[in-house]
Each structure stands twice: as structure tokens, then as C-alpha cells.
Amino acid sequence: MITRELRRVLEDAARRAAQAGALPTLPDPLPAFEVEPPRDPRHGDYAANIALVLAPILGRPPRTVGDAIVRNLRAPADVLQGATIAGPGFLNLRLAPAFVHRWLRSVHAEDRRFGHTDLGGGRRVLVEYVSANPTGPLHVGAGRNGAVGETVARLLEALGYRVSREYYVNDCGAQVETLARSVDARYLELLGRPAEFPADGYQGDYVREIARRIQETDGAGLLELEPAQRLARIEELSLRMMQDEIRSTLEAFGIVFDVWFSERTLHESGAVQRCIEELRRRDLLYEQDGALWFRATRFGDDKDRVIVRSDGRPTYFAADIPYHLNKYARGFDHLIDVWGMDHVGDVARLRGALEALGHDPSTFEVVLYQHVRLRNEGEAVRMSKRSGEFVTLRELVDAVGRDAARFFFVATNPAVPMDFDLALARRQSAENPVYYVQYAHARICSILREAQRLGVPQPDAERADLTLLRTPEEWALARRVVALPEVVHAAGVRREPQRLCAYARELAETFHVFYGQCRVLTEDRDLTAARLVLVDAARRVLRNTLDLLGVAAVERM
RNA sequence: GCGCCCGUAGCUCAGCGGAUAGAGCGCCGGACUACGAAUCCGUAGGUCGGGGGUUCAAAUCCCUCCGGGCGCGCCA
């Protein structure tokens, strides 16, 4: 990363200043300081607040500290062109063109790997997301969950972590039984048998569809079974169909899971029971009102939580603990779950239970997102699986397209509730920011096609004379292009995928402005070569950014 | 009432303790005689919810109040 190199240059200068007696002895390590592009381009390419941070520690005025650092800068000529003290004590740095050129060349050399780093060092991270109950089709909230989770997963891979994507399937319990009873009733109806639809049954058409498909393949065969067996069989078939539907919806959305983890297996293998015994052995459980409680308050939760109901059935929580233990047991160093805000209250108890069983609570992390408020022409759309009135993720993707949906879901801070107006999304689809970004990519591809048509040689990043790139627009584009590693780092470490969208849009904008000012294919062979290297680097970086977002980098529109 | 999250332009939202707070949409006015006008340039629009505090520096951190979302279940 560029900022890492600049930080090192500044630290060296500060240490040299201290050795020369221009500054008092420095702390080791140096306090954290920022190196970032200033808002105002007149302040140079990067600004550092190292002098402002050191001043109070050293007991000297910021500008004095800054002056000492600048006078001791021994940046190689191929890194910095100049440094000045400005304002309250900022160091404004101007990058040497050769420095940016070196990074531009590395965009070509690293290609699809440009922007990636080895921060993770191959450590294994499990990202669990979506994990919607298989009792109905995915609705739009799952789209936000999926887009955020998938982008976080891709960011972590780019940061050098080994990532596994996982979907936890709640394939047992009351809601699954309700699904089975609902399908059963529709099945009987189809066969003209008397059937009473359960009062708490799922109303959606998909229930009828499942029943229809069962009737199609099994005919009336299931009627031969005892009612309990028939229900069990219907439950199994319904679950399988729902999971297939969910899987294919997610695949159409660009998400493929490595593992579909069945909750049922945790019960059947005895893992749930063993986990309860372990908690009991550690005196973390007690009985009250006939139920078994976990002492969650010992771990920061605001009340103790039931783990086994008074009727002997374990709660959802009882399976969630061994599930996460299982993740650790499979060798993952770090767990990330993506949950809706409605589960915010569950974080403390699960983290507490994991801590109680010997795991560092900081290795279990939950990314929370606010729900998507679906609207149609400004009117609220009710979303409830039970009533059957909801718009599915599949419908949404069909309506606005996968690229726009993926981009939109990630473009906003997950912690902020999001309004998704279907009519608006359809109507303004041509003005979606995703098209602005894709257009920049397609435009570059168009230039490259035109170059080929004219017989212009392919750009050779190592040999082109990049010192010919001198206009402000070329310089701005080059600096923006080589900033990708920083963006990936910040977005990944902070779990803030929306930064990728912001960067993609800014990079596209910088390119469009450049395009308006600088012609790429000119009579000047050397200048053409240099500009081709620049725009082709922009193309690769745009593509890499869009890849992380799961948005297609189209060559034509 | 308690916990978590949010409050920034008319609307939807970016914004990393840092310099004059930004973008998109919408409004108004301009720009194609060579690489794609799905673009670009310009104009207008702000008490960063209010008030304290910390700091050389606060939209950003802390406190408090106001407004909103979600949760506070032997549901998942």
C-alpha cells in the first residue's frame, strides 16, 4: 500500500530528526498517525498528521515538529517530490511521478491480484450469512444480508484470509412442522380429500406449488402412509424443495455457499446434549419453573436465557452454541455472522456462552444490518411469510437486475435502514450508479477495441514512457487507480463494504472527467502508449472492484 | 423503562479526529466535426437534530436532551 510506504518514510525522517537532536527522544513505537489524500487537491497528493500527533507528546509546537521531520526527510527521489508544512502542522506530500508510475505498472503485473494483500496470512475465517429459515422463499431482506455477507467474504479473501461461506439451515423445530402441515393440507386439497388448513399455516402460493409437485411425482401415494409418517415425508420433501429454491435464487444472485450446515444434525449427533452437559458441569445452568437456564448475566447479557424449555425441547439458542463450537472445532480462527438487527439481543448470550466454554469472545463477531423497508410507489409493502404478502428476492432480482440489486444492497451502511422502492428501482434503473460505473468500464473497453482496430500496439506497461502523463486529469486518474489496496484494506478490516461502492463511483467519475479532457488514441505514438497503460490500469482496477462487489464488469452496454 | 443502531441539501445517502462538509436524484442553464452524450461543465440548495464537554482541531469522541428504527419470548 502506498500509505504504508509513505508512513515508513515519515517515521524514518522523524527518527533521524531525533538522532540529530532536532527533536526529543521519540516513543517506540510511534503513535498512530494518518496518511491520506486531502480533500483539497492543492494540498498535495497525501497529507500526514504526524507532527500534530507528536507535538503534545514531545511538548513542542506542531509546526516545529513538522519542520524537523521535513528537514530530515530523505525520501528517495522516486517516492516523494516534495513536502511542505501547512495549516496547523500538516505535512503535505507530493508524490514523485516515478512512484505512481511504479504502482501503475504493478496494476498491470498483478492484474487480478492488484488490491490484494497478505494481511490475513492464510488464517481461516468462517462467514455465515443469509441462513434464512427454509419455510418460504427468500425475501428482500435476505438480499441485503447476502450481498453484505458475500462482499465481506470476498474482501477478506482479498486480504489474504482463507474464507469459508456457510449457510445454517434451521431444518427442525416448530416452523418446519408448520410448513409441513401447510403443505400437507394443500396436498390433501389437491386430491380432493377433506383438509383443514392450519390456523397458523403459511399462506403463500409456494406452499401450493410444493404440494403440486409432490402430487406430480408421488400422486396419491402418500395417502397410504400413516398420517404421522406422511407428515414426516412431506416435511422432508418440502425442506428439500425449499432449500433447492433458496440455493438457486442465491446462485442467480451470485452467491455460492461452501457449506450448508444442518441444525438437525446437531440434535441427532448428540452435540446439543453434550454441550448442555458441559455447561452444566461448569455450573453455568440452573433449573427454574421447570426450564433449564443459562447464566448469561455472568457474561454481560441483561438476563439469563432458557436453553431447554419446560417441556424438554431445547431452544434455538441450545443448538446455536454447539453450532459455533463446531465452527471452531473445524479450525476457524475467526467467526463472522451476518444477522438482521432484530437479532441484536441474541449477540450477548451467544458470545457469552462461547466465552464460558473457553473461546476468546473477540473471535466471534456479528455484522448487523437494518431491515430493508420495501415500498411500492412510496406505499409500504407488507412482508410476512405467513400472510404470503411479500416480494421475494427472486422477484426483485428479476425486476431490477442482479448487478443493480447487488450494488444497491451494499452501497449503503448496513446499520442504516434502507428503503427499496420497487417501482422506483424499476423506473430509474438506467440511472442507477451501477450503470455509471459499468459505463466507465465499457468505455475503456471500447477504447481498447478501437485501438486494436486501428492496429495500435498493445500497451506495454514496463516500456511505456509514463512521464508523458502530465495533465491534472491524468494525474488524478493515476492516483485514484493505485489507491485500490487502501480501499480494500479499509473496507475489509472495518467490515464496511459500502466503501467499495463509493470508490467504484469515484474512480468512474475520475475516468469520465479524464475522458472528456484527454484523448487516448492520438497521432503521438508514445503519448498514446502511455495513456493506454493508464486507462488499461483503470479498467483492471474497476474490474477488480466490481468483482469484489459481485457486479459484472461489462465490456459493452 | 432498559439495550443496540440511526439523525448530514427538497429526496436518497457518502463522509477515516484534520484544512472551505460531499455525491446521486430532482430543478435551472450549457457542451458531440476523431476513442460510446448511459458522459461532461456550470448555477442553486446546509443551524451536520438541540445543548454541554474533551481537543491545537469535532459531522466524527464523551455526556445529556429530542426524534426515529430494532430488540427486550420457555419464537426463530
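Throughout, a chain's letter reflects where its sequence line sits, starting with A, and its residues are numbered from 1. These numbers come from the heavy atoms of this one structure, side chains and all, not from hydrogens, waters or symmetry mates.
For B:G46 and B:G15, the C1' atoms lie 15 Å apart once the distance is rounded to whole Å. To the nearest whole angstrom, the two P atoms, one in B:A58 and one in B:G50, are 15 Å apart. B:G67 and B:G49: their C1' atoms are spaced 7 Å apart (whole Å). Look at the C1' atom in both B:C6 and B:U60: the space between them is 14 Å, to the nearest Å.
Regarding A:Arg443, its CZ atom lies at a distance of 8 Å from the P atom of B:U39, rounded to whole Å. Straight-line distance from the CD atom of A:Glu509 to the P atom of B:C41: 7 Å, rounded to whole Å. One atom, CD1 of A:Ile444, and another, C1' of B:A38, lie 15 Å apart when rounded to the nearest Å. The distance between atom OH of A:Tyr436 and atom P of B:A14, rounded to the nearest whole Å, is 19 Å. Across the protein-nucleic acid pair, A:Glu36 atom CD and B:A57 atom C1' stand 14 Å apart, rounded to whole Å. Between the P atom of B:C35 and the OH atom of A:Tyr439 lies a distance of 11 Å, rounded to the nearest Å. Summarising the geometry, the separation between CD on A:Gln498 and C1' on B:C16 is reported as 12 Å, rounded to the nearest angstrom. The CZ atom of A:Phe408 sits 11 Å away from the P atom of B:C25 (whole-angstrom rounding).
Nearest to the side-chain atoms of A:Glu34 among the listed nucleotides B:C16, B:G36, B:A14 stands B:C16. With B:G18, B:C40, B:A14 as the choices, the nucleotide that has an atom nearest any side-chain atom of A:Pro88 turns out to be B:G18. Checking B:C5, B:C13, B:G36 against the side-chain heavy atoms of A:Ala415 singles out B:C5 as nearest.
Remark: ring of A:Phe90 not stacked against base of B:G18; the cut-offs of centroid gap under 5.5 Å and plane tilt under 30° are not jointly satisfied. With centroids closer than 5.5 Å and planes inclined by less than 30 degrees as the test, A:His43 and the base of B:A19 pass as a stacked pair.
Ring pair A:Tyr202/A:Tyr206 is tilted by interplanar angle, where 30° to 60° counts as tilted. Classified by interplanar angle (parallel below 30°, tilted 30° to 60°, perpendicular above 60°), the ring pair A:Tyr323/A:Phe261 is tilted. The aromatic rings of A:Tyr316 and A:Tyr168 stand perpendicular to each other, their planes meeting at an angle above 60°, with 30° marking the opposite boundary.
For A:Pro38 and A:Pro56, each mapped to the nucleotide of RNA chain B holding its nearest heavy atom, the one lying further toward the 5' end belongs to A:Pro38.
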Atom pairs and distances, side-chain donor-acceptor, residues 56-68 of chain A, under 3.5 Å, sequence neighbours left out:
from    : atom 1 : to      : atom 2 : distance (Å)
A:Arg63 : NH1    : A:Gly87 : O      : 2.6
A:Asp67 : OD2    : A:Arg71 : NE     : 3.1
A:Asp67 : OD2    : A:Arg71 : NH2    : 3.4

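A donor-acceptor contact closer than 3.5 angstrom links the side chains of A:Arg144 and A:Thr412.
Using a 4.5 Å heavy-atom threshold, the side chains of A:Leu469 and A:Leu477 count as separate. Counting only heavy atoms from C-beta outward, the side chains of A:Arg495 and A:Val338 never approach each other to under 4.5 Å.
Atom CZ of A:Arg4 is surrounded by 12 or fewer heavy atoms from other residues, nucleotides or ligands within 6.0 Å.
Salt bridge A:Glu177/A:Arg313: absent, no basic N to carboxylate O contact under 4.0 Å. A salt bridge is absent between A:Lys327 and A:Glu166: the closest approach of a Lys/Arg side-chain nitrogen to an acidic carboxylate oxygen does not fall below 4.0 angstrom. Between A:Asp311 and A:Arg309 no salt bridge is recorded (no basic side-chain N to carboxylate O distance below 4.0 Å). A salt bridge links A:Arg181 with A:Asp200: the closest approach of a Lys/Arg side-chain nitrogen to an acidic carboxylate oxygen falls below 4.0 angstrom.
Remark: A:Arg349 qualifies as a cation-pi partner of A:Phe317 under the 6.0 Å distance and 45° angle criteria applied to the six-membered ring. Remark: A:Arg443 qualifies as a cation-pi partner of A:Tyr515 under the 6.0 Å distance and 45° angle criteria applied to the six-membered ring.
In this view, A:Glu450 and A:Arg453, A:Leu454, A:Leu521 satisfy the side chain to side chain contact (heavy atoms under 4.5 Å, CB included) rule, not counting sequence neighbours.
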**Item:** Per-nucleotide pairing state of RNA chain B [Watson-Crick or G-U, under 3.5 Å; [ ] pseudoknot-crossing; | other strand]
**Value:** (((((((..((((....[...))))..((((.......))))......(((((..]....))))))))))))....

List, with names and distances, any nitrogen or oxygen atoms from the protein found under 3.5 Å away from nitrogen or oxygen atoms belonging to nucleotides 73-76 of chain B.
from  : atom 1 : to       : atom 2 : distance (Å)
B:G73 : OP2    : A:Lys303 : NZ     : 2.8
B:C74 : O3'    : A:Arg309 : NE     : 3.3
B:C74 : O2     : A:Ser310 : N      : 2.9
B:C74 : O2     : A:Ser310 : OG     : 2.9
B:C74 : N3     : A:Ser310 : OG     : 3.1
B:C74 : N4     : A:Asp289 : O      : 2.7
B:C75 : OP2    : A:Arg309 : NE     : 2.5
B:C75 : OP2    : A:Arg309 : NH2    : 3.3
B:C75 : O3'    : A:Arg309 : NH2    : 3.2
B:A76 : OP1    : A:Arg309 : NH2    : 2.1
B:A76 : OP2    : A:Arg309 : NH2    : 3.1
B:A76 : OP2    : A:Tyr316 : N      : 3.3
B:A76 : O4'    : A:Gln175 : NE2    : 3.1
B:A76 : O2'    : A:Asn133 : OD1    : 3.2
B:A76 : O2'    : A:Asn133 : ND2    : 2.5
B:A76 : N6     : A:Asp346 : OD2    : 3.3
B:A76 : N1     : A:His343 : NE2    : 3.3

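Within a heavy-atom distance below 4.0 Å of RNA chain B, the residues of residues 511-523 of chain A found are A:His512, A:Val513, A:Tyr515, A:Cys518, A:Arg519, A:Val520, A:Leu521. Within a heavy-atom distance below 4.0 Å of RNA chain B, the residues of residues 44-54 of chain A found are A:Ala47, A:Asn49, A:Leu52.
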